[in-house]
Amino acid sequence: MNENTFNYFSLRARKARLGNVLNNFFINFLLVLCGFVTALSGLYFLYLKNPLGWLGFGAAVVFLIIFLYARLELKKLKNGKTENITDILSHNVISNLSKNPTAKEIAKMVYKTRSGVFLASRFRLTPEKLDFIAASLPDDPTEIFKTAREIRSEIGAAQVSGGFLALALILNYPDYEKFLGEMKLEKKDLIEGLTWYSYLYGLAKKTRRRDGGIGRDLAFGYIPELSKYGRNISLERGNYKTQIHQNQHREIIDKIIETFNSGGRQNIALIGPEGSGRTTIVEAFAEEILDADNKKVSGNLKYRQVFMLDSGTLISAAGNRGEIEGLVNEVLSEAYSAKNIIIYLDNAHLFFEEGTGSVDISNLLIPILEKGGLRIILTMNEQKYLEISSRKPSLANALNKIMVKPANEAETMKVMEDKVPYLEYNYKITFEYLALKEAYKLSERYVHDLEMPGKALNLLEAAAKYPEGRFVTADSVNRAIEETNGVKVGVTEDKEDREKLLNLESLIHERMINQVGAVKTVSDALRRAAAGVRNESRPIGTFLFLGPTGVGKTELAKALAEVYFSKESEIVRVDLNEYVKAGDVERLIATGEEDENSLVAKISKRPFSVVLLDEVEKASPEVLTTLLQLLDEGILRDSKNKEISFRDAIVIMTSNAGADKIRAAIQSGGELKKEELTEELIKSGIFKPEFLNRFDEICIFSPLGKTELREIAKLMIKSTNKTLTSQKIEVEVEDAGLDVLVEKGYDPVMGARPMRRIVQKTVENIVAKAVLSGELSSGGKLKISASDILASLE
Amino acid sequence: MIVADLFSWWYSGGYGFFASKLFDKLKSTADFFSILDLLKTLFAPFHQISAGGTSSLALDVRLRAFFDRLFSRFFGALIRIFLILVGLVALLVEFGIILVLILAWPFLPLVPFLCVFLYLNGVLI
């Protein structure tokens, strides 16, 4: 018989079916009841001197044997002796298969197994989807079993359960890549899903570890003060059953155990960024030393309790520095006397520096660390470690330093898979697998104050507050990041947004005249971004706007902020004419704490915005070199070397360089080609070619003629009317009046700028006077003629 | 076929599985009483009361501390000896039950036949 042919009449299949019957609650109960009744009646008959009692007694033993066989052997069938599919199918599968199983039957049966339901709920594999696939497959299940067997080998699982068959069904579907693609999935995701299931199933099967029993702590001291101010991590982790997936965590835990097993200085300093899993390592270490069967842990380390001390709690409990020192001294003395305590100082720098929430008690701690009488674990980030060790070299010398690096993608996924059951239990929800992937992707991109896996976990937990039904999906994660970071991450699906993007040019032209080429260029770039086809390792778009003053460069930036980011104020503006010296780079990349108005501080607060860098030609060459990385990779490194993302910003730099050439070309009736202008700018040394080449587009803004100026005047009057809407007042300027405005407001050098002043001086002043004199009241309309305008200019 | 499998399981895998389950239970009881740990720390001061160093203190204080510690050790030993005794009794009883069950297991399938035989021969107790 083919090894992928199911044998319905095999002993294993029969046993599975019998097990299903016997392990039914009612039958189980009936067996026990019959056993008791026959045993008792047997005893009764024997008491009555009736040999029939032996039969009752014998029957009771038969019931007992059947009960034991059902519970110990038939409930969870082990694999058979061969590698035939009948010998490796899981109990739930084999007991539910018919004599001649078909693809359709397998598709239905998947939902009767735990792993099938797991896969279905994590990957949104509805029964309809599997039925649809099964309908297109041949009835003979040989190929399905063959594929399931291959998946089992790939994962290294013992049996082929329902989830494996679900995946095998999908992989046998001729167009499975398209099918998975529509669900934004790949084959490896489903394989990972099954591995995840196997891991959780393994955890559930793990037996309770031996933890020392009632005599364990009798020889160790009482710790009333420490219990009051510290957190007993060992107690919290006492009965957890986690596995640490990060390879480096395993190595670090072994190093900690080794250090504490040896006779050297009994302290560990875990140095690594926030979110890299320092606390997880300490928790895992606390778990390991509670395990009586752990051979690596020596007798004098086994069953030690890890207590976390938090500077905030100690500071709030004590009034002043002296009292804090007294309190810490008392707590540490207690820990020392108890002889089974390991002190854990999270963010330990808070104990070595003065500030809000921190107190410098290094005079007390350093001797303890040097002496090594009390086991202490400290954690801090690298920057703080460097700062403190330069101030207190004796501290650095006293510490056994271990570096903790951020987790990579695979490790972060495993850590999330590990934590998901706890989140699901707390929030009463189910996480889809894609939510985990999205949490990694988005946190990597948008969260900069934490490292992996911490930032992905935080985002995943935040997403639990935005479930869809009772499921946390990729959209829940999108919503969470949008709400918490104020960014817009999803590919545009909202109909209104799509309309807006498709008509971007006309929307921009509602507030901007002319510059059709520039508007089209930026609109195209934004449509690419919204459709998800842009390069996500760069800003949404990078543009250099070249042209004379007052032709609409800034106006276009503002229009983009309003149309694309829904608010004109979503603009980060920096005048580069303030960055003309080499040393000004420092101001540009200063962190938020150093200068709240620096470029990186502003973009950190508004990652999803238009970044407008004016007068770029005036910036120093060093500043321009710094900006190269921004244009190229969408990041800048701040003064603390932390990456700041510009990948969700539209970066626009403006320059008047070459304005004369543009104007001259336009006035002579010709057209200035972009290539000519850039060549000219490079030749004259204003910009270097590597700088200009970094932009997605260079847009040339042409000077405004009188016709455009007339349209701009109309827009300005429209804007005045918009302001007056609340007072229900309307203003209209007659055609002749508009001619006067254009005549007076036209300046070929300054562009539209003088027009703003003229409209203010004439139209707005006339309206103001009319309102104050009572000539114009609510509901009224004011017509302004050419003579009115001329009079107001006198 | 199933009946044959039942008997084959009973005298092979089933017997081992049953025995290992019982011994796991015994191990868990032994872990609960942690008799070895109690023995190792038999004379350690109970909860480290008066266990601190006193070498730098005055003689009378050191003397008082010595007696305090002696009392703490004595009290600790009493508690531990009591726990050890309770633990030993519990383990012994459990071990006895397990032994009986393990010895009885191979004979259990024979009991129904024996009962039929006793019935047919009209044996009474």
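In what follows, chains carry the letters A, B, and so on, assigned in the order in which the sequence lines appear, proteins first and then strands, with residues in each chain numbered from 1. What you see below is based on every heavy atom in this structure, not just the backbone, and it leaves out hydrogens, waters and symmetry mates.
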What I want to find out is whether A/R216 reaches B/D37 closely enough, with some N-O distance under 4.0 Å, to be called a salt bridge. no
Got more than 12 heavy atoms from elsewhere within 6.0 Å of OH, B/Y11? yes
Are there over 12 heavy-atom neighbours, none belonging to B/F117, within less than 6.0 Å of that residue's CZ? no
The interface call for A/A219 against chain B, heavy-atom contacts under 4.5 Å, is both
Has B/H47 got a side-chain atom pairing as donor or acceptor with A/Y222's backbone, closer than 3.5 angstrom? no
Do B/T41 and A/L218 touch side chain to side chain, with heavy atoms closer than 4.5 Å? no
For B/V123 and A/P51 the tightest heavy-atom approach is O-CB, 4.1 Å
Test side-chain contact (heavy atoms from CB on, under 4.5 Å) on A/L68 and B/F17 and set out the steps. CA-CA 11 Å; A/L68 288 171; B/F17 186 65; over 6 Å; no
Looking only at heavy atoms, what is the nearest atom pair of A/I65 and B/P109, with distance? CD1-CA, 3.6 Å
Contact origin within A/F63 toward chain B - heavy atom pairs under 4.5 Å: neither
Any chance you could measure B/F18, atom CZ, to A/L72, atom CG, to the nearest 0.5 Å? 8.0 Å
Look at B/D5, B/L120, B/V116, B/N121 and state which one has the largest set of heavy-atom pairs under 4.5 Å with chain A. B/D5
Looking at chain B, which one of A/G42, A/A60, A/G212, A/A59 has the largest number of heavy-atom pairs inside 4.5 Å, strictly under? A/G212
Backbone N/O of A/G213 and side chain of B/S34: donor-acceptor pair under 3.5 Å: no
Can you tell me how far CG of A/L64 sits from CG of B/L108, rounded to the nearest 0.5 angstrom? 5.5 Å
Rounded to the nearest 0.5 Å, what separation is found between the CG atom of A/L74 and the CD1 atom of B/I2? 7.0 Å
Within a radius of less than 6.0 Å around OH of B/Y119, do more than 12 heavy atoms belonging to other residues, nucleotides or ligands occur? no
Checking heavy atoms, do the side chain of A/N50, its backbone, both or neither come under 4.5 Å from chain B? backbone
Is there a donor-acceptor pair closer than 3.5 Å between any side-chain N or O of A/W54 and the backbone N or O of B/L124? no
Using the side-chain contact (heavy atoms from CB on, under 4.5 Å) rule, take A/F57 and B/L114 through it: C-alpha gap first, then chi angles, then the decisive distance, then the call. CA-CA 10 Å; A/F57 207 61; B/L114 182 69; over 6 Å; no
Side chain, backbone, both or neither: which part of A/Y336 has an atom under 4.5 Å from a heavy atom of chain B? neither
Can you tell which of B/L118, B/I35, B/L38 has the highest number of heavy-atom pairs within less than 4.5 Å of chain A? B/L118
